[in-house]
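Before any comments, here is the structure.
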Protein chains: 2
Amino acid sequence: MQTTAVTTRPNATRTDICSAPPRRHPRPDGQDRYTISEVVAFTGLTAHTLRWYERIGLMSHIDRSHTGQRRYSNRDLDWLDFVGKLRLTGMPVADMVRYAELVREGESTYHDRRELLEATRRDVLARIGELQDTLAVLDRKISFYGDAGRAREGERTR
Amino acid sequence: MQTTAVTTRPNATRTDICSAPPRRHPRPDGQDRYTISEVVAFTGLTAHTLRWYERIGLMSHIDRSHTGQRRYSNRDLDWLDFVGKLRLTGMPVADMVRYAELVREGESTYHDRRELLEATRRDVLARIGELQDTLAVLDRKISFYGDAGRAREGERTR
DNA sequence: CGCTTGCTTGGAGTGCACTCCAAGGTCATA
DNA sequence: TATGACCTTGGAGTGCACTCCAAGCAAGCG
């Protein structure tokens, strides 16, 4: 009861390792100088949040126009995508900042980065398991309230 | 790629509908008058949190000893278990309070309760899907940092 | 040129879910 | 009976992740 489905993908081929997600960029490389409001539209984040991410070091310094306005690149969009995934895992922002710092420090941090991602992976797996338990509980209760919901016994757990 | 594994349990039989989870109570019904610190030990919640849950109406008024100290029952433990599950889904406490109110209002709220649980169920399913997407991304990055981690191209998404 | 809309900043404010505090009463054990 | 661990309360404080504000510069349009 409760399959901890571990999603066995067809192991990525050597060439597309770490390739960008299947997501397409709004504009091709070269014309990728998005304003903050464009990035808001693409990511669903608010402009406040985007600036805040930069302030706390979750994004490295964003390119600027001649008047000082932010111009985001496709690379920045990719990073935001990834940050969004990490956020979904429940990882604290401070840990994401730590990861961002490791990236900025260069290749020497490959090992640390890998460990951080593996710990995150374990968390995600555990979380999926918990959610599947929860699903089972919800299903039991829903079926209690369901069509046959008039049977009063079992009120103990509502 | 990415199986949204929906855990098809062997549909609960009619008789154990809404039966308590497989969890055993620390003491049998009749001797179930737990102090707050016992409940802390059982649930992992803090005493602060338990009192706070009561204050905000997430738990109906807990039985008291002759001197006014809280004495939790097996029923309370079951409820806390369920609340714990709801918390895992990310449901806001305010919504759980709403559900608790529906329970207090009695049978007439069966329909609303069911709807609330079904909405929650949909959220949980969506969340599991998101986490599986995230897992795929993590796996890709981990394999990038992995054994073959020296191949420098693809630095784009780190 | 004036108008509107968009962007900039540092710092302050918000909402959630706890988390802790002070001051005092209670219970179990030596 | 005395010691120390445990319990009570209302209200204040914390940490996180945003979220907003005021004041001002900038860009496009008629």
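The model shown is predicted, which means the values in this text are computed figures rather than measured ones. Proteins get letters first, then strands, A, B, ... in listed order; numbering begins at 1 in each.
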Atom pair distance, as rounded to whole Å: [atom1] in [X] and [atom2] in [N]:
{"X": "A:Ile62", "N": "C:dT9", "atom1": "CD1", "atom2": "P", "result": "11 Å"}
{"X": "B:Ile36", "N": "C:dT19", "atom1": "CD1", "atom2": "P", "result": "14 Å"}
{"X": "B:Glu38", "N": "D:dA5", "atom1": "CD", "atom2": "C1'", "result": "14 Å"}
{"X": "A:Met91", "N": "D:dC16", "atom1": "CE", "atom2": "C1'", "result": "16 Å"}
{"X": "A:Leu50", "N": "D:dT19", "atom1": "CG", "atom2": "P", "result": "12 Å"}
{"X": "B:Asp63", "N": "D:dT8", "atom1": "CG", "atom2": "P", "result": "12 Å"}
{"X": "A:Asp95", "N": "D:dC16", "atom1": "CG", "atom2": "C1'", "result": "12 Å"}
{"X": "A:Arg98", "N": "D:dC16", "atom1": "CZ", "atom2": "P", "result": "17 Å"}

Can you list the residues that meet the side chain to side chain donor-acceptor pair (under 3.5 Å) rule with [X], with sequence neighbours excluded?
{"X": "B:Glu115", "result": "B:His111"}
{"X": "B:Arg64", "result": "B:Glu54"}
{"X": "B:Asp112", "result": "none"}

Exercise. Does B:Thr35 have any side chain to side chain contact (heavy atoms under 4.5 Å, CB included) partners at least two apart in sequence or in another chain, and if so, which?
Worked result: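 For B:Thr35 the side chain to side chain contact (heavy atoms under 4.5 Å, CB included) partners, ignoring immediate neighbours, are B:Ser37, B:Glu38, B:Arg71.
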For this session: Please name all residues satisfying side chain to side chain contact (heavy atoms under 4.5 Å, CB included) with A:Ala47, sequence neighbours left out, ordered by chain then number.
Result: A:Ile36, A:Val40, A:Arg51
For this session: Measure across B:Asn74 and B:Arg27 and return the closest heavy-atom pair with its distance rounded to 0.1 Å.
Result: ND2-O, 2.9 Å
Using only side-chain N and O atoms of [X], determine if any of them is under 4.0 Å from OP1 or OP2 of [N].
{"X": "B:Arg70", "N": "D:dC7", "answer": "no"}
{"X": "B:Arg87", "N": "C:dC18", "answer": "yes"}
{"X": "B:Tyr53", "N": "C:dC18", "answer": "yes"}

Exercise. Nearest nucleotide by nearest heavy atom, which residue falls closer to the 5' end of DNA chain D, B:Glu54 or A:Leu45?
Worked result: B:Glu54
Seminar exercise, completed: A correct 5'-to-3' footprint of nucleotides 20-30 of chain C, with B, S and - meaning base, sugar-phosphate only and no protein heavy atom under 4.0 Å, is B-----SS---
Exercise. Is a salt bridge present between A:Glu118 and A:Arg121, judged by a nitrogen-to-oxygen distance below 4.0 Å?
Worked result: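 Result for this pair is no, no salt bridge flagged.
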